[in-house]
Amino acid sequence: MSIFSKIIQGEIPCYKIAENESCFAFLDINPKAKGHTLVIPKKEVDYLFDLEDEEYIELQKFVKKIAEAQKKALNCNRICTAVIGYEVPHAHIHLLPSNSMADATLSGKTKKYSKEEMQEIAQMIQDNME
Ligand code: AMP
């Protein structure tokens, strides 16, 4: 079972933002920006583009909802998305709040937030979900 499946099942803790029948969103534990979020399908598949069309569309619809909530919560210019996937073999879409081109990278420094701050950030995004 992937580490992300364990998160979905509650075996490993996370800063959860939201879930629906097929998708789950939580804060990246090594945030490259405040509110850096991962959105994953509950179905454990390594490579994003191995999802069935309908599953992929459902995931992207969920990504859009989370991105809208992030933008309101964090009051940033835009939410950038990235798919890398070399580290964890469970498809995930990075949602990266940004204010400039310089912010829009996963190669930058990891930001440090306390447990309480991470909880607050997750809550702020949750509070802005439609
Ligand atoms: P990549 O597979 O390169 O797209 O990167 C995987 C991402 O998952 C990285 O940004 C990690 O910080 C993140 N990550 C790994 N383990 C956890 C975890 N337990 N909770 C939240 N994020 C994680």
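Basis for what follows: all heavy atoms, side chains included, without hydrogens, waters or symmetry-related copies. Both ligands and their constituent atoms are indexed starting at 1 by order of listing.
Under 4.0 Å from any atom of ligand 1, one finds heavy atoms of residues I3, F4, I7, F26, L27, D28, I29, N30, L38, I84, G85, Y86, E87, V88, H92, H94.
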Practice item. Check the pair K43, S22 against side chain to side chain donor-acceptor pair (under 3.5 Å), reporting the backbone distance first and the verdict last. Key: CA-CA 7 Å; K43 177 176 168 182; S22 58; over 6 Å; no
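At a threshold of 4.5 Å between non-hydrogen side-chain atoms, the residues D28 and L95 do not count as touching.
Ring centroid separation for the pair H92 and H90 does not come in under the 6.0 Å cut-off. Residues F26 and F4 bring their aromatic ring centres within 6.0 Å.
A donor and an acceptor atom, one from each side chain of S5 and E44, are located under 3.5 Å apart.
Tracing side-chain contacts under 4.5 Å through hydrophobic residues (I, L, V, M, F, W, Y), one reaches I29 starting from V83; they form part of the same cluster.
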